[in-house]
Amino acid sequence: MTSADTLRAFKRDGRIVVVGASLAGLRAAETLRDEGFTGSLTMIGDERGEPYDRPPLSKQVLTGWVPAGNTTLPRRRDVDAEWLLGVPASGLDLAANHVCLADGREIPFDRVLISTGVRARPWFVESEAALDGVFVLRTREHAEALRQALAAGPNRVLVIGAGFTGSEIASICRERDIPVTVAELAPSPLVGALGAMIGEVAADMQRAHGVDLRCGVKVTRLEGDAQGHFRRAHFDDGSTVDADVAVVALGGIRNTEWLRGSGLAAGVWGIACDTGCRALTLDGLITDDIFAAGDVARCPNPVYEYRLISLEHWANAVEQAEVAAHNMVSGQADRWPHLTLPVFWSIQFGVNIKSVGVPTFADEVVVAQGSVADRRFVATYGYRGRVTAAVTFNNAKWIDHYRRLIETAAPFPPPGPTPDQPLDMKPVPVDFPGPQLLAQGATVVVTGHDPGERRVTAAQQHHR
């Protein structure tokens with residue numbers, strides 16, 4: 001039997017299991033059927049409901065614009081799958097080709113896609129995390145519970161962590177005229193994702209909207225009353241804050257613990273993969289039948305020196321899932337690499353923030369357009385003399401322009417002029433915090449290097 005015959009037989013009668021029935025898992029399943037896969041398809045998910053969209057949870061759901069139950073992801077087509085929901089995967093047996101479930105079942109596969117994503121990092125003291133009024137935000141149930149708590153009109157909300165999720169929650173509190181205190185261990189909000197200069201802008205923006213922003217401090221204890229309701233937070237500088245609601249926004253934990261002992265290169269940063277989304281073993285070998293996509297995948301990108309990059313971006317989950325699904329049912333010569341530049345957006349305090357590229361892969365940053373004072377500008381990031389990322393504040397129309405600069409390794413500072421280029425354009429050090437804080441705030445993390453061969457076009461290196 002030729003390789004083409006084997007592939008046709010697999011597409012007709014093969015068994016594919018998708019572990020992680022959220023955005024990436026659903027889009028992969030749809031793509032598999034679009035690609036002509038008619039075999040057995042099994043979807044495994046630890047949540048009971050159908051796949052739903054997560055970005056609205058910290059935006060439209062908390063404001064009450066969209067009910068939490070209305071965030072179900074639209075189906076682009078029928079996937080004709082067996083759905084095993086409400087039971088998480090507990091192990092992966094590569095010798096027997098089984099996915100083990102927490103209830104003892106073993107699900108056989110010929111190929112498997114891992115898209116288990118991340119979960120919210122909980123408060124570190126279990127008894128304090130269980131207090132009435134202490135929340136995290138990751139699932140639809142989390143969002144609905146927090147929405148109800150905000151609608152009840154608390155005297156004050158404490159947000160622990162000033163990354164994107166924490167900042168968006170603080171913004172919604174101020175929209176509702178709810179007093180809010182934001183506690184951040186780093187020197188400023190968003191610093192783990194966008195660096196010190198943007199962090200200062202974000203800090204000014206929060207304080208201008210009435211946020212009680214406390215940076216460089218750590219919450220050490222959450223105190224409850226005799227009835228088990230959260231009432232007060234204690235800080236490491238000896239101060240306290242009285243509040244009725246506390247939201248723990250300290251980033252996510254990638255769901256890889258179930259892969260311990262599987263032999264895959266999986267850990268706290270995710271699952272190491274090649275650009276075709278094929279998982280790597282602990283020995284660095286590429287697997288042919290194990291794929292990963294979404295927040296849990298770490299893939300190399302030639303723009304960033306083939307370093308493994310973990311992304312928590314909506315668009316990345318969709319695009320990576322489509323690449324992985326295509327490659328699962330394609331021959332070697334027809335497989336695609338996942339080389340898309342990440343794009344991220346956030347709305348907070350009336351400002352639309354959008355980025356392209358990987359800001360954490362930079363050593364300098366410059367305001368290339370607009371005015372920081374007007375909260376309408378473009379900050380461009382550079383690494384060793386080339387453009388690697390851009391972040392826009394109320395200036396998203398320029399995103400595609402900077403995407404082209406990144407893709408062509410344009411020199412940094414970026415060539416101009418642009419219509420609103422500042423006269424005193426001067427790069428400054430990007431100044432990111434240490435790895436511990438970076439893990440809590442960044443939505444893009446550069447986590448290592450993979451030296452494998454890649455199909456790319458070299459760009460001329462620029463020197464200063």
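In this structure a side-chain-to-backbone donor-acceptor pair under 3.5 Å is present from Arg174 to Ile178. A donor-acceptor contact shorter than 3.5 Å links the side chain of Ser167 to the backbone of Gly163. For the pair Ser115 (side chain) and Gly20 (backbone), a donor-acceptor distance under 3.5 Å is present.
A centroid separation of less than 6.0 Å is found between the aromatic rings of Phe164 and Phe344.
Residue pairs meeting the salt bridge (charged side-chain N to carboxylate O under 4.0 Å, His left out) criterion with at least one member in residues 193-208, sequence neighbours excluded, do not occur.
Under the side-chain contact (heavy atoms from CB on, under 4.5 Å) criterion, Pro55 pairs with Asp53, Lys59, Trp314, not counting sequence neighbours. Residues passing the salt bridge (charged side-chain N to carboxylate O under 4.0 Å, His left out) test with Asp289 are Arg111, sequence neighbours excluded.
Using the six-membered ring where Trp is involved, His209 and Phe349 have ring planes that are tilted, between 30° and 60° apart. A tilted orientation is assigned to the rings of Tyr383 and Phe361, their planes being inclined by 30° to 60°.
For the side-chain hydrogen bond (donor to acceptor under 3.5 Å, both in side chains) with Ser58, the lone residue among Arg138, Gln348, Glu168 that qualifies is Glu168.
The 12-atom threshold is not exceeded at CZ of Arg260, counting heavy atoms of other residues, nucleotides or ligands nearer than 6.0 Å.
Annotation: cation-pi geometry not satisfied between Arg376 and Phe393 (NZ/CZ under 6.0 angstrom from ring centroid, within 45° of ring axis).
Summarising the geometry, atom CG belonging to Leu113 is positioned 8.5 Å from atom CD1 belonging to Ile16; distances are rounded to the nearest 0.5 Å. Distance CG/Leu137 to NE2/His142: 8.0 Å, rounded to 0.5 Å. The line from CD of Gln148 to CZ of Phe135 is 8.5 Å long, rounded to the nearest 0.5 Å.
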Exercise. Would you check, one step at a time, whether the test side chain to side chain contact (heavy atoms under 4.5 Å, CB included) holds for Lys354 with Ser346?
Key: CA-CA 6 Å; Lys354 194 167 186 178; Ser346 174; over 6 Å; no
Quiz item: Hey, mind stepping through Leu185 and Val217 against side chain to side chain contact (heavy atoms under 4.5 Å, CB included) and telling me if it holds?
Solution: CA-CA 5 Å; Leu185 185 57; Val217 297; over 6 Å; no
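Of the N and O atoms on the side chains of Asn301 and His338, not one donor lies less than 3.5 Å from an acceptor on the other residue.
Using a cutoff of 4.0 Å between basic side-chain nitrogens and carboxylate oxygens, Asp288 and Arg278 are scored as salt-bridged.
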